[in-house]
Enquirer: 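Mind looking over this structure? Questions follow.
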Amino acid sequence: LLNLILPAVLVLVFLAIIAAIILSIASKKFKVEIDPKIMEIIDKLPGANCGACGSPGCSSFAENLVNEDKPMCCPVLDEKGLLAISNILGKGLSCTEKQVARVFCNGSTNFTRTNKNYDGIKNCNNAKLLGGSSKSCSYACYGFGTCIEVCAFNAIKVDNGIAVIDSKKCVACGLCLNSCPQNIIKLIPLSKKVVIPCSSEDKGAIAKQYCNVSCISCSRCVKECPSQAISIVKNHAVIDYSKCTNCKKCISVCPMKMIKEEA
Amino acid sequence: MSYENDQGGSLMNLLSFKRGGIHPADNKISSKSYIKTIKTPNTVNISLSQHIGSPAKLIVKLGDIVKRGQLIAEASSYISANIHSSINGKISKIENNNVVIEKTIDDTSYLELNTENKTIKEIVKDAGIIGKGGAGFPTHVKLSPKEQEKINTILINAAECEPYLTADHRLMLEKAKELVYGIKLILKEFKNVPKAIIAIENNKPDAIALLKSIIKNDNEIQIAVLKTRYPQGGEKQLIQAVLDLEVPTGELPFNIGVIVLNVATIISIYEAYFNKKPLIDTLVTISGDLIKEPSNYLIPIGTSIDYIINELNIEKDIITKIIIGGPLMGFTISDLNTGINKTCSGILFFKNKISIKERTCINCGMCVDVCSLGLLPTKYAKYSKYDKMDEALEASIMDCTECGCCSYICPAKIEIVSWIKLLKNKIRNLKKGR
């Protein structure tokens, strides 16, 4: 037995020594200089590689931060994280207002009628190719959750046939915006709480037929709004968030009771 | 090489593609009923992109009066096709590539094409003829390959392997002479092609017998009898079955010297040449378990499904599924106002809803076994679920002809073809974007 084991062990030890020598020489010779700041910043970044900053990933964002003068921001970071990175860099990060993604449709299966019979695979893009899900309204959320798959922060769930975004978990990276074939997810400032969750481009009477919580473009919120922030675009009311003051007057006048105040 | 086979001969002699394939119940319940016509609809909804390639360019305005057979949109590029009005009427609506025409005079005659001093190719182009097999490739493009000398065979696709569909079968029985004349027209155009081969599946013995009796002493046309097996009528599969050739990846049949034409396409060419009729009517099999008398109807293009339902007294309330095309390659529709296209060869109405619940893939490999192209459907379905485009491209997903064998056979009821179509669509959009 020893005759078998001994030579094997010796050979392996010999190989290991040679490999160790080669590796140690290589690590000295081909050493890559990395700015220690970059490593520190990478530690502070969320590490989801979501791409919301415009860089392909967190490490390349950190490199850009250190090497370039252009002001950049990671929209995912909270205030603590921003402060920590500013301290490392010795300069402030220029961040715009914190945003959040919202689904501009309220047509859960409780409210929206179904007149079609979608039998295909449970995928929003496929539903779009085949001309819509079972829901009557052709602008509604299909509710198959293609947005869930792209969300790196686990902030979206489908409830009663409609995507719901958890504003506490959402970091406004914007990946779900592009994944939605209906284009009904939009980024709005986190501080603005009033949402008119309808994207129907059908005329009021038809939209009402299809859905109990549709915007029927009656314009009452437009008239009520003290800061002229609401307008009717393509048969549904849209809030201009640069003007909205969170007064919530529109909520009470809506005859469809569909204007929501988000948490 | 002889392609002659007797019906009584052993099954081993029948031609077929080499691997894969399925045997769905063929349900050709409408094959015994004669071709019928329906009353001209009051409105038609004609799409401008009924063919592969760029949509046709509209040449009429809102409110114009058009005659049946009048050109309303012309081919906008090389791969595109003319479109003619299918009724006498007034253009009442034009929106996103759709033209709605309202009927003024009920008349089944049509404005004749000007065929004086024109070659067959020009007539085919003028008549707006496209491949009726399903994909809708403009026929005039097919008839003008880059190197015409290289073409050595013309294959007539009469396999009609999709269940339920019988339109081509009826055409062969009722317009057999026209079919033969049509083939001769094509052969006249291709002078160095010695013969054309009509490929028919052996589930149509009456058509085989009739065609044989007509072309008895003709050396130019031969009949190849094929085994009944899906997807025998796919272009690539048909070439493999009859000629034992394979179409290379990403290439078209004319690269290996073959032109494949459908029976209905040949009849359209015949009608354009001899009757000067543009492609304004299409023969449609109306079948399914909801139809009391399944039959074949000659229907003007653009007729809405809703009109057909009313005209044939189909009980609207109990329809659960309407499929345009065959059950394997067709697609379900949800909007009853959809007008039928030139490529439409069947409309199937079903009342029994089979709800299928997708389960997890068990890696049994049955889809790989039935794939007639030797592809890996199970892999594509998974790639599609997780958006792995590069991997799918490397596994040559674009070669898939979406014949539907894999979805049919899958024991886990995964709609593999839907997933593949989805990913192919994404890849195509991405390429367009670049």
Side-chain angles (χ1 to χ4, degrees), chain A residues 49-51 56 107 109 112-140 142-152 154 156 158 161 173 175-183 200-203 206 209-211 234-235, chain B residues 47 96 305 316-325 327 330-338 349-359 361 380-389 402 404 406-407 410 412-430 433:
Chain A
N49 295 325
C50 64
T109 38
T112 300
R113 285 167 197 84
T114 53
N115 68 345
K116 297 178 210 157
N117 186 1
Y118 178 76
D119 243 359
I121 49 176
K122 303 275 179 282
N123 183 293
C124 297
N125 288 315
N126 197 57
K128 184 82 183 175
L129 277 182
L130 294 178
S133 69
S134 298
K135 285 179 185 169
S136 309
C137 174
S138 52
Y139 303 95
Y142 292 144
F144 297 131
T146 302
C147 44
I148 297 178
E149 284 159 30
V150 297
C151 183
N154 213 2
I156 311 178
V158 168
C173 65
L175 285 178
C176 49
L177 272 67
N178 299 329
S179 79
C180 180
Q182 294 285 70
N183 288 326
S200 170
E201 290 174 20
D202 288 323
K203 289 210 174 87
I206 299 166
Q209 264 176 33
Y210 288 161
C211 179
K234 286 182 182 165
N235 291 323
Chain B
S47 159
N96 18 322
I305 307 288
K316 209 172 178 176
D317 301 333
I318 54 171
I319 302 173
T320 55
K321 193 162 229 175
I322 303 172
I323 300 175
I324 289 197
F331 49 93
T332 55
I333 55 150
S334 51
D335 185 3
L336 292 182
N337 289 321
T338 321
F349 297 88
F350 293 101
K351 64 178 171 199
N352 296 333
K353 188 181 159 130
I354 311 158
S355 74
I356 305 167
K357 218 179 157 212
E358 191 175 302
R359 278 168 273 149
C361 173
Y380 303 150
K382 283 169 196 164
Y383 287 149
S384 178
K385 266 180 203 169
Y386 302 108
D387 264 350
K388 304 254 182 235
M389 294 190 201
E402 298 161 17
C406 44
S407 293
C410 181
K413 308 286 176 223
I414 299 171
E415 296 192 44
I416 302 172
V417 173
S418 289
W419 286 111
I420 294 179
K421 276 184 189 169
L422 185 64
L423 193 61
K424 278 174 81 173
N425 201 280
K426 275 185 195 164
I427 293 173
R428 260 186 238 120
N429 286 342
L430 207 70

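Atoms considered below: every heavy atom in the structure, side chains included; atoms not considered: hydrogens, waters and symmetry mates. Just so it is clear: chains get the letters A, B, ... in the order the sequence lines come, proteins before strands, and each one is counted from 1. Remember, predicted model here, so these are calculated numbers, not experimental data.
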Enquirer: If you round to the nearest 0.5 Å, how far is CD1 of A/I121 from CH2 of B/W419?
Expert: 4.0 Å
Enquirer: Given heavy-atom pairs under 4.5 angstrom as the criterion, report whether the side chain, backbone, both or neither of A/N123 touches chain B.
Expert: side chain
Enquirer: About how many Å separate CG of B/N425 and CG of A/N125, when rounded to the nearest 0.5 Å?
Expert: 8.5 Å
Enquirer: Under 6.0 Å from the NZ atom of B/K388, do we count more than 12 heavy atoms belonging to anything else shown?
Expert: no
Enquirer: Heavy-atom pairs under 4.5 Å with chain A - which of B/I414, B/T332, B/T320 has more of them than the others?
Expert: B/T320
Enquirer: Once ring pair (Phe, Tyr, Trp, His ring centres under 6.0 Å) is applied, do any residues pair with A/F144, and if so which ones, sequence neighbours excluded?
Expert: A/Y118
Enquirer: Select one option (side chain, backbone, both, neither) describing which atoms of B/E415 are under 4.5 Å from chain A's heavy atoms.
Expert: both
Enquirer: Grab the two heavy atoms, one from B/K385 and one from A/E149, that are nearest each other, plus how far apart they are.
Expert: O-OE1, 3.8 Å
Enquirer: Which heavy atom in B/S418 sits nearest to a heavy atom in A/N126, and how many Å separate them?
Expert: O-OD1, 3.8 Å
